[in-house]
Amino acid sequence: MQIIHQYFPNLTPIQVEQLEALQPLYEEWNSKINVISRKDIDKLYERHILHSMALGILLRFEEDAEILDLGTGGGMPGIPLAILFPDVKFTLIDGTGKKIKVVQEIIKAIGLKNAHAQQVRAEELKGKKFDFVVSRAVAALDKLIPWSKRLLKRKQRHAYPNGLFALKGGNIQAEIDALPFPEYTEIFPLSELFDLDFYEEKYLVYVQG
């Protein structure tokens with residue numbers, strides 16, 4: 001948790017309590033269902049929680065904004081972002097039932113009132129629109145963009161137009177260059193935010209909706 005305090009020094013006592021509860025919860029659930037890489041579980045805060053919270057340094061969501069975490073897996077980045085933004089509504093989806101069960105149990109265990117998790121694939125989600133879609137290590141941009149765009153609201157409320165924020169690693173420019181249609185994108189190197197070796201080739205990519 002010390003690494004979280006370093007970059008987010010103004011957390012409330014409730015936020016600190018919720019974040020501190022994540023380590024034992026993920027350790028317990030990971031022993032049953034592999035939702036966090038086993039080699040990373042001891043670096044949960046450095047490599048998963050902090051990574052998920054990176055967006056909170058770059059963007060402030062408006063109160064009651066609605067955010068979709070597409071392909072949440074074990075709850076990243078949705079659960080840490082929901083803790084960071086208690087006045088924002090988060091929907092966490094994944095096609096794998098076992099993973100969603102873990103996410104639902106962790107949300108319940110820490111008393112997270114502004115997050116809801118359901119088992120559904122992005123292309124199956126209907127009747128709901130969002131201000132932003134967020135994702136972490138889910139798929140290439142050529143898949144993420146069409147999945148996301150149809151789920152975005154038309155009404156704009158933020159400094160950035162509604163769109164996709166994807167946490168990515170590796171050669172992100174090659175992914176952008178391979179897109180079938182030109183897209184407005186911005187790339188934020190996380191090594192400029194976090195002074196840790198893990199973030200050397202990690203990026204937050206914004207794609208306007």
Side-chain angles (χ1 to χ4, degrees), residues 18 22 25-26 28-30 32-37 48-49 51-56 59 61-158 160-169 175 179-180 183 204-209:
Q18 289 173 325
L22 294 180
L25 283 167
Y26 274 108
E28 178 185 353
W29 279 106
N30 226 47
K32 306 169 189 174
I33 300 167
N34 190 19
V35 292
I36 299 289
S37 170
H48 295 273
I49 307 300
H51 192 205
S52 297
M53 293 170 71
L55 183 54
L59 178 70
F61 293 122
E62 295 293 331
E63 186 175 344
D64 286 332
E66 295 184 278
I67 313 299
L68 175 69
D69 177 2
L70 190 161
T72 190
M76 307 288 172
I79 287 176
L81 285 175
I83 294 171
L84 189 60
F85 296 103
D87 296 325
V88 174
K89 299 171 185 174
F90 288 85
T91 299
L92 287 63
I93 66 169
D94 200 280
T96 305
K98 288 181 179 179
K99 291 181 178 179
I100 284 297
K101 173 66 173 174
V102 173
V103 174
Q104 289 169 337
E105 291 297 326
I106 290 175
I107 286 172
K108 181 180 177 182
I110 66 174
L112 201 54
K113 305 297 186 187
N114 60 324
H116 165 74
Q118 67 182 100
Q119 181 188 356
V120 64
R121 294 164 63 88
E123 54 268 43
E124 300 166 346
L125 193 61
K126 294 180 174 67
K128 186 76 174 171
K129 300 286 185 180
F130 302 89
D131 296 283
F132 293 99
V133 174
V134 298
S135 76
R136 180 176 183 260
V138 172
L141 289 175
D142 63 349
K143 292 186 172 65
L144 284 174
I145 291 170
W147 289 342
S148 303
K149 281 197 170 186
R150 70 175 191 85
L151 298 170
L152 295 171
K153 294 179 181 179
R154 290 190 177 183
K155 184 178 179 181
Q156 309 288 340
R157 301 176 55 204
H158 294 80
Y160 280 88
N162 299 352
L164 166 71
F165 280 100
L167 289 159
K168 306 283 291 181
E175 275 194 48
L179 293 174
E183 302 283 354
L204 179 65
V205 182
Y206 166 71
V207 183
Q208 185 172 325

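As a basis for the values below, the full set of heavy atoms in this structure was taken, side chains included, without hydrogen atoms, waters or symmetry mates. What you see is a predicted model, and the numbers here were worked out from it, not measured in a lab.
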*Residue pairs passing the salt bridge (charged side-chain N to carboxylate O under 4.0 Å, His left out) test where at least one lies in residues 110-123, sequence neighbours excluded*: R121-E123

_Would you say that I36 contacts M76 through its side chain, given a criterion of any heavy-atom pair below 4.5 Å between the two side chains?_
yes

*Looking only at atom types and distance, does a side-chain atom of D142 sit under 3.5 Å from a main-chain N or O of L179, one as donor and one as acceptor?*
no

*Between Y26 and H48, is the ring centre distance below 6.0 Å?*
no

*Between CZ of R136 and CG of L167, what distance do you get to the nearest 0.5 Å?*
7.0 Å

*Quick one: CD on E183 to CD on Q208, what's the gap to the nearest 0.5 Å?*
9.5 Å

*Would you list the pairs meeting salt bridge (charged side-chain N to carboxylate O under 4.0 Å, His left out) in which at least one residue belongs to residues 66-92, sequence neighbours left out?*
E66-K128, E66-K153

_Looking at G95, is its backbone amide N or carbonyl O close enough to the side chain of Q119 to form a donor-acceptor pair, meaning the two atoms are under 3.5 Å apart?_
yes

*Passes side chain to side chain contact (heavy atoms under 4.5 Å, CB included), L68 versus V134? Steps please.*
CA-CA 6 Å; L68 175 69; V134 298; over 6 Å; no

*Verify the neighbour count for atom NZ of K129: are there more than 12 heavy atoms of other residues, nucleotides or ligands below 6.0 Å?*
yes

*Which atom of A117 lies closest to which atom of Q104, heavy atoms considered*: O-NE2, 3.0 Å

*asked:* Quick check for you: to the nearest 0.5 Å, what is the distance between N162 atom CG and Q156 atom CD?
replied: 4.0 Å

*At their closest point, which heavy atom of K32 faces which heavy atom of E28, and how far apart are they?*
NZ-OE2, 3.6 Å

*Go through L141 and L164 one step at a time and tell me if the side chain to side chain contact (heavy atoms under 4.5 Å, CB included) criterion holds.*
CA-CA 10 Å; L141 289 175; L164 166 71; 4.3 Å; yes

*Going through the checks in order, is the side chain to side chain contact (heavy atoms under 4.5 Å, CB included) test met by L112 and I83?*
CA-CA 7 Å; L112 201 54; I83 294 171; 3.9 Å; yes

_Straight-line distance of Y160 OH to L55 CG, nearest 0.5 Å_ = 9.5 Å

*Mind running side chain to side chain contact (heavy atoms under 4.5 Å, CB included) on V207 and L144 for me, showing each step along the way?*
CA-CA 10 Å; V207 183; L144 284 174; over 6 Å; no

*Got a sec, which pairs hit ring-ring contact (aromatic ring centres under 6.0 Å, His included) with one end in residues 79-107, sequence neighbours left out?*
F61-F85

_Give me the atom names and distance for the closest heavy-atom approach of P161 to Y206._
O-OH, 2.7 Å

*Can you tell me how far CZ of F130 sits from OG of S148, rounded to the nearest 0.5 angstrom?*
10.5 Å

_Value rounded to 0.5 Å, distance of CD in Q18 from CD1 in I107_ = 11.0 Å

*Tell me, do T91 and I67 make a side-chain contact under 4.5 Å, heavy atoms counted?*
no

*List the atom of A115, the atom of L92, and the distance in Å for their closest heavy-atom pair.*
CB-CD1, 4.3 Å

*Search all heavy atoms of G71 against all heavy atoms of D94 and return the closest pair with its distance.*
C-OD2, 3.3 Å

*Of the non-hydrogen atoms in S135 and L70, which two are nearest, and what is the gap between them?*
CB-O, 3.6 Å

*Are side-chain heavy atoms of L25 and I110 found at a separation under 4.5 Å?*
yes

